[in-house]
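Read the numbers this way: they start at 1 and go in the same order the structure lists the ligands and their atoms.
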Amino acid sequence: MKLPPLDLYVILDRAASRGRDLREILDGVIRGGGRIVQFREKEWPSRRCLPLLEELRGRAKGAGICFVVNDRLDLALAVEADGFHVGQDDLPAPLARQLLPPSMLLGVSTHSLDQARRAQEDGVDYVAVGSIFPTATKPEFQLVGLDLVRAARQAVREPLVAIGGITPDNAAEVIRAGADGVAVISAVCGAPDPAQATRLFLERIRAAKSA
Ligand code: TZP
Ligand code: MG
């Protein structure tokens, strides 16, 4: 699958979902018009993830949306995800690229301009930068602020997605700083109504892009 035009990128994270089922949250994101989601699981071993992941992958495929797996190459390959996402402590992007089927998308999280440039040199399909704002979701987050979005926009041609503490209320300024899209965990997974949160994000992002 090609990378869809970036706007809202929802990360499905069980730990941030307040005990709710990720299948329900994914269905809400799909109903709300989301076009790209990521599966992120920091605690469960692979075997435990697999049944849930297979269901999520099946639902995403049925809806025709892009499905990315974070960190875990075994799981990304096992469910034939559309994409794989690595951070700075995961498999290096060039090695991940060698191991992935040619059609699988690769994204990288970065926390500095050097890392963003390196990701581009490594030929990734999109570059994530963050954390833009403080966030309770990732305890060891590195705060980079909107300045890194502005700088990365100048340096990186690939699609740029900003992450960290993004809500419907601050999404527009992130887009205005140069991000193509925003990646969010708690603002959708922890929202009372994930479909409504998805719609609101998309409305704000699209308005900021057309302004
Ligand atoms: N990387 C940088 S900040 C972050 C990650 C995975 C957490 C984002 O979560 P939230 O709830 O959208 O702030
Ligand atoms: Mg990672």
Side-chain angles (χ1 to χ4, degrees), residues 6-20 22 25 28-29 32 34 36-46 49 53 68-77 81 83-97 99-100 105-113 115-116 118-119 122 124 126-149 152 160-175 177 179 181-192 194 197-198 200-202 204-205:
L6 278 179
D7 38 41
L8 177 65
Y9 180 137
V10 176
I11 301 174
L12 301 168
D13 184 321
R14 181 188 51 81
S17 300
R18 304 183 180 186
R20 285 179 314 175
L22 287 185
I25 294 173
V29 172
I36 179 164
V37 295
Q38 180 193 104
F39 176 79
R40 179 180 191 261
E41 171 58 59
K42 293 289 185 184
E43 290 163 13
W44 285 6
S46 295
C49 293
L53 183 55
V68 178
V69 172
N70 187 41
D71 293 341
R72 319 270 280 265
L73 181 66
D74 54 347
L75 292 177
L77 295 173
F84 179 53
H85 186 96
V86 289
Q88 295 295 315
D89 296 330
D90 302 315
L91 283 180
L95 180 54
R97 186 61 101 191
L99 297 171
L100 293 175
L105 301 164
L106 178 62
V108 176
S109 286
T110 68
H111 318 292
S112 70
L113 192 54
Q115 290 173 0
R118 168 78 54 84
D122 289 341
V124 303
Y126 66 90
V127 177
V129 294
S131 185
I132 306 304
F133 304 113
T135 175
T137 308
K138 182 169 173 163
E140 74 287 14
F141 73 86
Q142 292 176 48
L143 192 63
V144 301
L146 286 170
D147 283 347
L148 183 58
V149 178
L160 198 61
V161 55
I163 183 166
I166 300 175
T167 67
D169 288 339
N170 61 28
E173 60 178 317
V174 178
I175 296 296
V182 301
V184 304
I185 301 181
S186 54
V188 169
C189 291
T198 299
L200 186 58
F201 266 113
L202 287 171
R204 300 265 169 96
I205 293 166

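- Considering backbone and side-chain N/O of G164, none are found under 3.5 Å from N/O of ligand 1.
- Other residues, nucleotides and ligands contribute only 12 or fewer heavy atoms inside 6.0 Å of the CZ atom of R18.
- When the Mg ion (ligand 2) is compared with the N/O/S atoms of D71, atom OD1 turns out nearest.
- E41 has its side chain out of reach of L12: every pair of non-hydrogen atoms, C-beta onward, lies at least 4.5 Å apart.
- In terms of protein heavy atoms, atom 12 (O) of ligand 1 is closest to I185 N, 2.9 Å.
- Among N170, D7, D169, T167, the one residue that satisfies the side-chain hydrogen bond (donor to acceptor under 3.5 Å, both in side chains) test with R204 is D169.
- Atom CG in L22 sits 12.0 Å away from atom CZ in R40 (nearest 0.5 Å).
- Considering D89, D90, D71 in turn, D71 is the only one that fulfils the salt bridge (Lys or Arg N to Asp or Glu O under 4.0 Å) rule with K42.
- Polar contact with ligand 1: absent for V184 (N/O pair, distance under 3.5 Å).
- Ligand 1 has at least one atom lying under 4.0 Å from a heavy atom of R40.
- If you number the atoms of ligand 1 from 1 as listed, the ones under 4.0 Å from a heavy atom of S186 come out as 10 (P), 11 (O), 12 (O).
- Proximity of G165 to ligand 1 is established by a heavy-atom distance of less than 4.0 Å.
- Counting only heavy atoms of the protein, atom 7 (C) of ligand 1 lies nearest to K138 CB, 3.8 Å.
- For R118, the CZ atom counts as loosely surrounded, since its 6.0 Å shell holds 12 or fewer non-hydrogen atoms of other residues, nucleotides or ligands.
- Protein heavy atom closest to atom 13 (O) of ligand 1, with residue, atom name and distance, is T135 OG1, 2.6 Å.
- A 4.5 Å side-chain heavy-atom check between L100 and L105 finds every atom pair outside the cut-off.
- The protein non-hydrogen atom at the shortest distance from atom 9 (O) of ligand 1 is T137 CB, 3.4 Å.
- Looking only at its N/O/S atoms, D90 has OD2 as the one nearest to the Mg ion (ligand 2).
- Within the 4.5 Å cutoff, no side-chain heavy atoms of C189 are placed close to those of I11.
- Less than 4.0 angstrom separates some heavy atom of S131 from each of these atoms of ligand 1: 3 (S).
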